[in-house]
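Only one structure is covered here, and it is reproduced in the block below.
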Amino acid sequence: MSADPLAVALDLPLRAGDASFTFAAGAAAGVPRGTGVVVPFGARLLPGIVLGPGEPRPGLRPVLARVEPTPLVPAPVVDLAEWTAREYVSSTGEALAVAVPWDALWSGLRLWCRDRVADALSPPARAIAGRIAARPQPLSRAARLFVDAPEALAELAEAGVLSAIVGAPSVWRAPTAAARVEAGDVAPGPGEEAVRAVVAEAMAADPHAVLVVGWPRTAAYLAAARAALASRWAVAALFPSVDAAEGFAAAAAAAGLPVHRLHAGLAPAARLAAWRGLAGMRGVVVVGTRAAVFAPAADPLLLIVDDEDASGHKEERAPRFLTAAVAAHRARDGALLVGATTPTVARFAETQTGACRLIALPTRRPRVGVIDLRRRPDPAEPISRAAREAVRRVARAGGRALVVADRKGYAAALHCAECGAVERCPSCGVAMVYDRASRRLGCRLCGRRLPAPDRCARCGGVRLRPLGAGTERLAAVLRRSAPRVMRFDADAVARGGDADAMLAPFRARGGALVATTYVLPYLPSLHLDLIVLTAADRWLHRPEYRAAERALALLRTLGITGGAQVLVETADPEHPVLRAVLAPGLRTFYDEELTLRRQLGFPPYRVLAAVTISGRSVASVDSVAAHLAAARAAGVEVLGPALLRARAGAREVGRALVVRAPDRTAVREVLWPVVTGAAVPPGVRVAVDVEPIEL
DNA sequence: AGCACGCCGACT
DNA sequence: GTCGGCGTGCTC
C-alpha cells in the first residue's frame, strides 16, 4: 500500500529515539520537505512539519492530512532549524517552533474535506468525513470524532481525502514602541566608504566575517546594508531587544532602505504576515530580534549581529542557541558582520587568527578615574565621600550625575553584626534581599516575601544591618547632600510606566540619577556630566570566567555611550580591567585574557555546556548524572555532578554538570546519546545549555 | 485531550 | 494489608 514513512517535526522535547517523530506517509505521500501536516499523537491531533523520509518501523500511525499551501516552511529555514537543533541538542520541532511564528502559523488551523467522499469508505469513516465536509473542524474538535472510531482515522489518512487550511488573518499592526533615533547617530561618517569596501570584500571572499568595533555603529550598519543591497543580497540586522531593533529600523527607513520588521514586539498575526512576506525575498533589510536569524529571505544574506554578548541574543528555551553562532553558520555562503562597543574576547581572537576582518570606528576614549576604597575614611557608607562630593557638585550646579548601583532595592541582605549570619529564605536557603520601603525581605528565587525580623534568626542578636547598597539605599544616602535625586531601575519603571517619561525630569532639570545597569540603553540620551560606578569590585570579581571582559565592557559602555567622566570605586585599583580601560589600545588586555583562557581551558579554546538533570526520584536522577559523568570522548571532560539546592517542600531534586569539549560537535557526541538513549528513565528530565552565557 | 501508573491516605 | 483517589507523565 503506502509510500515510505516520513520524519515529522513536532514541538515536543527531545527524548528517547530521535529529534523527530516517524509516521506512515498516509495523506502526505510524496510531499516536499517543509510541508505542514496534521498527525495523530495519542488522543490528540498535532500540527507538524515534514522533514523527509523516515525509518520504517512496525506500528507507525499515518499522517492524517496535508496543510496547504505546500511547502509551508521554505526548505532552507528547515535546514537551518535542523542544524540548530543538532548543535544545541534539542528536537527539530523545538527549533522550528522558535525559527518560524509557530503558534500563529497554526492558528485557525482546520481539518477540511474538499473532495466528494469516496463510496469505498466504511460507514464510520464516511460519517466523519461528512461531518468535516459540512463544516471545517479545528484539530481539538476533529480529534474527538476519532475517539470512538480509531480505524476510521487510518482509513481517511490512506484515502487522502482530508486536507487542512491555515486561516490566520494577515493583519498588520503598527509597532507600539516609539522608535528613538539618536541625533548624530545616523549621519554617514567619514568611514562609510571604508565599511562598504570591507563588507564587499567579505561578501566576495573568505573570511566572510567582519567585526566592527566602536560607537556609534548605526551608520556603519547602514553602509554595510547598502553594500549588500547593491548585490541584490538580503540583509538581516539582529538586535538584542525590541527597542534596539525598532531604533535601527527607524534609522534604516529614514535612510530609504527597504525595511521589513520581524521582531518579538510584533503581534502574532503581524509577525506571521511579515514572515510570509519575506519568503524568498532578495534585496530587503530584515530588522529583528534573535529569531529573525531564521528569516525566510533568500540566501545569501548579510547577517548583522549587534552587541552579540547581550543576553537578548541567547534563546531562553531549547534550543538555547546564540544568535551570532547561528548567524555565523548561515553566513557560510553569505557574510557576517558583528558590531560591538567592546568585542568579546572570543570574537577578538578571530581577528587575530584571520577568521574575521576588523574595522575600528572612530570612537571617543572613555575617561575613567579611580577612587581607591582602601584608604577611605568612612568604610561603613555605601558610597565614598569623594564620589558623594562629586555628585553633589554636579547636581547643585544643575548638571546630570548618574550613580550606578549593582542592584535594585535597598540592600543585598540583612546581616547580623553579632554572629555574621545573613537572613535567608526558609524555602530556598539563599540570602534574601532587603527592601526598606516595605521593611520586608524578598527571595530572588521563589519570590517569597516576609516582614523583616527584629532579631537574628541564628543568634537572636538585635543589631541587623543592611549589607551592600542597592538603588534605594544609595538614593537615601545621596538625598542628604544632593538635590533632585531620582531612582531608575526595573522596579521603578514597572511602577512608573514609561521609562522615557520617567527620565524626562532628569534630562530637563538635572540632578542625580541612581540606577542599575537597566539604564545602559538610555545613556546616549541623558547628556551626562558625571558617572559613578559604585562597588565596582562586584563587577571585577564575579565568580565567572568572563567577569573581566564583562567588567571592561561595562566600564567602556559607561564612558563611551555615557560620554562623561566615570569615577570607579574599587579596593583593587591595579586590576587588569582598570589598566585596560585606561590604556590607549585593547590588545594587551585581550592577549593576556586569551593566554589565561587557553591555560584554564575556557572559550574560545573550548566549548562549555551546562547540563541539568532533575526529577522526583533521587536514585534515577543520580544514575543519569553518574552515566553522564562517566561518558568519555576524545578531549571531552565532564565536571560534576554538583547538587542543585532544592527548595524546601519541593519534590524535585537536581544535579548540575558541565561538559567541556573541543567544539560543539564533541559536546553533541557526548550529550546526544545520553539525552535520547535508554539511560534516561521516565520521570527524569535532562536540560542542556550549550554555550551558556554565564558559568 | 484521554489513559496508565504510582504514591499516599483511608478503611475492612 | 488492600482499595481507590489524584497527580504526573506519556502519546511516532
Side-chain angles (χ1 to χ4, degrees), chain A residues 1-29 31 33 35-67 82 85 90-97 103 106-107 109-111 128 131-132 137-158 164 318 612-621 623-624 646-647 649-654 675-687:
Chain A
M1 51 151 217
S2 123
D4 294 333
L6 293 171
V8 177
L10 305 176
D11 181 18
L12 295 169
L14 195 60
R15 63 163 136 247
D18 206 357
S20 61
F21 293 81
T22 311
F23 293 85
V31 301
R33 182 171 166 86
T35 298
V37 288
V38 172
V39 296
F41 198 75
R44 287 184 291 174
L45 293 175
L46 290 183
I49 298 293
V50 170
L51 299 175
E55 287 293 314
R57 187 148 48 95
L60 292 178
R61 300 177 73 187
V63 173
L64 179 59
R66 273 194 308 272
V67 178
E82 202 165 37
S90 80
S91 77
T92 305
E94 286 175 303
L96 276 165
D103 289 341
W106 308 119
S107 82
L109 183 65
R110 278 173 160 72
L111 268 191
I128 291 171
R131 291 277 298 274
I132 294 173
Q137 303 280 333
L139 296 193
S140 55
R141 192 105 51 82
R144 256 174 266 147
L145 298 176
F146 293 106
V147 167
D148 297 324
E151 64 295 337
L153 190 147
E155 214 182 326
L156 290 171
E158 290 301 334
T612 310
I613 300 163
S614 59
R616 288 217 318 223
S617 154
V618 180
S620 346
V621 168
S623 88
V624 176
R647 297 179 189 179
R651 300 165 183 226
E652 294 261 312
V653 293
V675 178
T676 63
V680 182
V684 175
R685 287 186 313 284
V686 181

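Just so it is clear: chains get the letters A, B, ... in the order the sequence lines come, proteins before strands, and each one is counted from 1. All values below come from the heavy atoms of this structure, side chains included, with hydrogens, waters and symmetry mates left out.
For A/Arg57 and C/dT11, the CZ to P distance is 11 Å, given to the nearest whole Å. To the nearest angstrom, C1' of C/dC10 lies 14 Å from CG of A/Leu10. What separates CG of A/Leu45 from P of C/dT11 is a distance of 17 Å, to the nearest Å. Between the CG atom of A/Leu60 and the P atom of C/dT11 there is a distance of 14 Å, given to the nearest Å. With rounding to whole Å, A/Leu51 atom CG is found 17 Å from C/dC12 atom P. Between the C1' atom of C/dT11 and the CG atom of A/Asp11 lies a distance of 15 Å, rounded to the nearest Å. The interatomic distance linking A/Arg61 (CZ) with C/dT11 (C1') rounds to 8 Å, in whole Å. We find that CG of A/Leu46 is positioned 14 Å from P of B/dG2, with the value rounded to whole Å.
In this structure, A/Arg33 and A/Val50 have side chains that are not in contact, with every pair of non-hydrogen atoms separated by 4.5 Å or more. In this structure the side chain of A/Phe21 never reaches within 4.5 angstrom of the side chain of A/Val39, judged on heavy atoms. Side chains of A/Pro5 and A/Arg57 form no contact here, defined as non-hydrogen atoms less than 4.5 Å apart. Between A/Leu10 and A/Ser20, the closest side-chain pair of non-hydrogen atoms is not below 4.5 Å.
Among the nucleotides C/dT11, C/dG9, C/dC12, the one closest to any side-chain atom of A/Arg44 is C/dT11.
Using a 4.0 Å heavy-atom distance criterion, A/Phe41 is classed as a base contact.
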